[in-house]
Number of protein chains: 2
Amino acid sequence: MKDQMAPVMSASKSEILDAAAVVFMDLGVDVASIDDIARHLGSTKGRIYHHFASKGVLLSEVCLRAADFTYRKVALVIDPDAAPDKNLRNMILAHVPEVLRTLPYHKVIRQTYPGINQKSTTQVERDLHQRIHAERDRYEGLFRAELRRGMTDGIFRQQNETIALHGMLLLVNAPVIWYTPRADEPEGFALEIARQTADMAVRALS
Amino acid sequence: MKDQMAPVMSASKSEILDAAAVVFMDLGVDVASIDDIARHLGSTKGRIYHHFASKGVLLSEVCLRAADFTYRKVALVIDPDAAPDKNLRNMILAHVPEVLRTLPYHKVIRQTYPGINQKSTTQVERDLHQRIHAERDRYEGLFRAELRRGMTDGIFRQQNETIALHGMLLLVNAPVIWYTPRADEPEGFALEIARQTADMAVRALS
């Protein structure tokens with residue numbers, strides 16, 4: 001899961017987050033422990049605690065990184081001079097393959113969102129959750145802006161923005177729920193998912 | 001949440017399930033206890049245990065009932081002689097208001113699905129989970145049949161069935177995630193959600 005655009009994160013921290021995402025996904029966020037993640041890494045718990053103060057912090061950082069992965073790819077392809085439907089298509093063509101590339105992170109987010117507010121305990125965790133919500137809003141804002149612009153321009157039909165935005169975002173994230181990588185999947189399947197999802201989303205709004 | 005078509009379920013059992021759905025939704029499936037549900041009901045734990053052997057069984061029954069609510073409404077409106085896009089529209093116009101009417105049940109399902117296999121402990125619970133999966137497959141099958149028929153007839157465009165089906169189902173269930181009933185919501189908002197969602201889904205496939 002190497003990211004060419006990786007920021008200032010150390011390789012060691014990145015490796016722990018990758019392992020945590022896989023273990024949280026496989027065992028479930030509630031069941032998985034720091035011990036399980038250390039075992040998966042073939043490492044000590046000390047190495048994990050060196051970077052992350054608690055399981056809650058580690059989980060929040062997995063969620064934050066999930067949002068960061070897609071934001072970086074998608075923000076890049078938006079052209080303020082392009083038509084909103086063209087931008088939206090390009091955003092989805094960037095979003096879907098990135099989600100599939102970093103799938104464990106997004107599967108964890110999907111497990112975590114419904115309960116994330118109920119389990120905030122420390123101030124550090126609450127602050128991280130606020131950042132997760134802010135990052136999600138910022139990311140959704142990219143899609144909201146194109147939807148709005150498209151309705152103003154008459155490229156998308158007039159419709160309730162909340163219903164349209166959330167319907168479209170769920171459609172675009174559907175692969176997080178149903179997709180599992182398989183050795184026997186057809187060549188280019190990830191691209192097919194991206195293209196068909198983009199088609200569906202643009203038509204849904206048009 | 002009275003259901004006109006209620007089957008052989010006793011009013012007492014139904015009332016406990018309604019309370020359990022609300023408490024699971026509010027506190028989270030992992031945190032909520034039989035004690036919390038009894039308190040919400042103003043009742044004893046004994047009354048709950050009279051109908052449900054464990055919290056796991058009660059949770060499974062909430063999920064099964066969620067599937068049952070929508071299956072009953074949606075199966076009714078399918079006309080084998082009607083065009084697939086017309087059927088699909090009518091199915092969504094039946095599905096969405098029923099989901100909003102029984103929202104706590106569906107919010108609980110949404111919390112439960114990702115982890116449901118990890119937490120099966122007793123044979124009774126495992127059997128219930130198998131039934132939940134079978135019911136979900138049966139329900140999805142209603143939508144899959146119309147999608148297939150529509151592609152054969154040329155009413156829906158040729159596309160990968162898995163991507164289309166799951167994208168459409170997530171779109172149709174988006175209100176479970178984002179919708180919360182509000183005292184100040186516009187009159188007829190539930191119907192607007194149903195109509196716009198149906199429009200989006202049919203266009204996404206066409």
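Order of the sequence lines sets the chain letters (A, B, ...), proteins ahead of strands, with each chain counted from 1. Here the structure is a predicted model, which means the values were calculated and not measured. Values reported hereafter were calculated over all heavy atoms of this structure, with side chains retained and with hydrogens, waters and symmetry mates removed.
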Taking everything shown except Gln123(A) itself, do over 12 heavy atoms lie less than 6.0 Å from its CD? yes
With the side chain counted from C-beta on, respond yes when Trp178(B) and Leu170(A) share a heavy-atom pair under 4.5 Å apart, and no when they do not. no
Report the distance from atom CD of Glu192(B) to atom CD of Gln159(A), rounding to the nearest 0.5 Å. 10.0 Å
Can you name the residues of residues 143-158 of chain A that have some heavy atom under 4.5 Å away from a heavy atom in chain B? Arg157(A)
Less than 4.5 Å apart, side chain to side chain, heavy atoms only: is that true for His166(B) and Ile177(A)? no
For chain A, which residues of residues 199-206 of chain B have at least one non-hydrogen atom nearer than 4.5 Å to it? Asp199(B), Met200(B), Arg203(B), Ala204(B), Leu205(B), Ser206(B)
Say whether, by atom type as modelled, one donor and one acceptor occur between the side chain of Gln196(A) and the main chain of Asn160(B) under 3.5 angstrom. yes
What residue, out of Leu171(B), Val172(B), Asn173(B), has the most heavy-atom pairs lying under 4.5 Å from chain A? Leu171(B)
